[in-house]
Amino acid sequence: MKPEGDFQQATYAVVARIPKGRVMTYGQIAALCGHPRAARVVGQIAHFGPEYLPWHRVVKKDGQLASGYSYGGKEAHRRSLETEGVVVIDDKIESIDKYIWWPAG
DNA sequence: CCGTTGACCCTTC
DNA sequence: AGAAGGGCCAACG
């Protein structure tokens, strides 16, 4: 096997573990991968990441949706979140702090 | 191997 | 409260 990057695999694993109706910030995912400052890398991986992963559950720390959501734009991003019960207003998640999920609980 | 890039985060004005 | 700049880290050419 040729490890193309443990960080990528770790990111995929973390994103895949985000439960329905919850969201995570890039910083958190990066931290879980072992690099709390590598939020940018998570973004890059996310853009080229597999479509079967719930990238719509990954948002900024402010709760604002991603900038270049490749799978239908912010409109699709917002609908996906609302479908899971997340309230999105003006391309931003309302009370993001309530929807933030952490693997510890 | 070195340089550039990016779906970010934090501090300061 | 909003806007601007710098820093950080890994993947890609």
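All values below were derived from every heavy atom in this structure, side-chain atoms included, with hydrogens, water molecules and symmetry-related copies excluded. Letters A, B, ... are given to chains in the order of the sequence lines, protein chains preceding strands, and every chain is numbered from 1.
- The nucleotide whose nearest atom lies closest to any side-chain atom of A/V41 is, among C/dC12, C/dA10, B/dA7, C/dA10.
- Separating the CD1 atom of A/I93 from the P atom of B/dA7 is a distance of 18 Å, rounded to the nearest angstrom.
- As a whole-Å value, the separation of A/I96 CD1 from B/dA7 P is 19 Å.
- Rounded to whole Å, atom P of B/dC10 lies 12 Å from atom NZ of A/K60.
- At whole-Å resolution of the value, OH in A/Y26 and C1' in B/dG6 are 11 Å apart.
- A continuous path of hydrophobic side-chain contacts links A/M24 to A/Y52 [ILVMFWY only; heavy atoms under 4.5 Å].
- We find that CD of A/Q44 is positioned 12 Å from P of C/dA10, with the value rounded to whole Å.
- In this structure, A/H35 places its NE2 atom 14 Å from P of C/dC8, rounding to the nearest Å.
- A/L32 has its CG atom 17 Å from the P atom of C/dC9, to the nearest Å.
- Distance from the side chain of A/W55 is smallest to B/dA7 among B/dA7, B/dC9, C/dA11.
- In this structure, the side chain of A/H77 engages the main chain of A/H56 through a donor-acceptor pair within 3.5 Å.
- Among the protein residues, A/A66 comes within range of the nucleic acid bases, having at least one heavy atom under 4.0 Å from a base atom.
- Within the structure, every side-chain polar atom (N or O) of A/K74 is placed at least 4.0 Å from both OP1 and OP2 of B/dA7.
- Residue pairs meeting the side-chain hydrogen bond (donor to acceptor under 3.5 Å, both in side chains) criterion with at least one partner in residues 22-39 of chain A, sequence neighbours excluded, do not occur; the list is empty.
- Both A/F7 and A/R37 lie close to DNA chain C; mapped to their nearest nucleotides by heavy-atom distance, the more 5′-ward contact belongs to A/R37.
- Rounding to whole angstrom units, CG of residue A/L53 and P of B/dA7 are separated by 18 Å.
- A sub-4.0 Å separation between OP1 or OP2 of B/dG6 and a side-chain N or O of A/S67 is absent.
- Taking only distance into account, the side chain of A/R40 meets the base of C/dG7 through a donor-acceptor pair shorter than 3.5 Å.
- Between A/K74 atom NZ and A/L81 atom CG the span is 13.0 Å, to the nearest 0.5 Å.
- At a cut-off of 3.5 angstrom, counting only N and O atoms as typed in the model, there is no donor on one side facing an acceptor on the other between the side-chain of A/Y69 and the base of B/dA7.
- Contact between the side-chain N/O atoms of A/H47 and the OP1/OP2 oxygens of B/dG6 is not found at any separation under 4.0 Å.
- Residue-environment remark: CD (A/E75) stays at or below the threshold of 12 foreign heavy atoms within 6.0 Å.
- For the OP1/OP2 pair of B/dC9 and a distance below 4.0 Å, the side-chain nitrogens and oxygens of A/K61 include no atom meeting the criterion.
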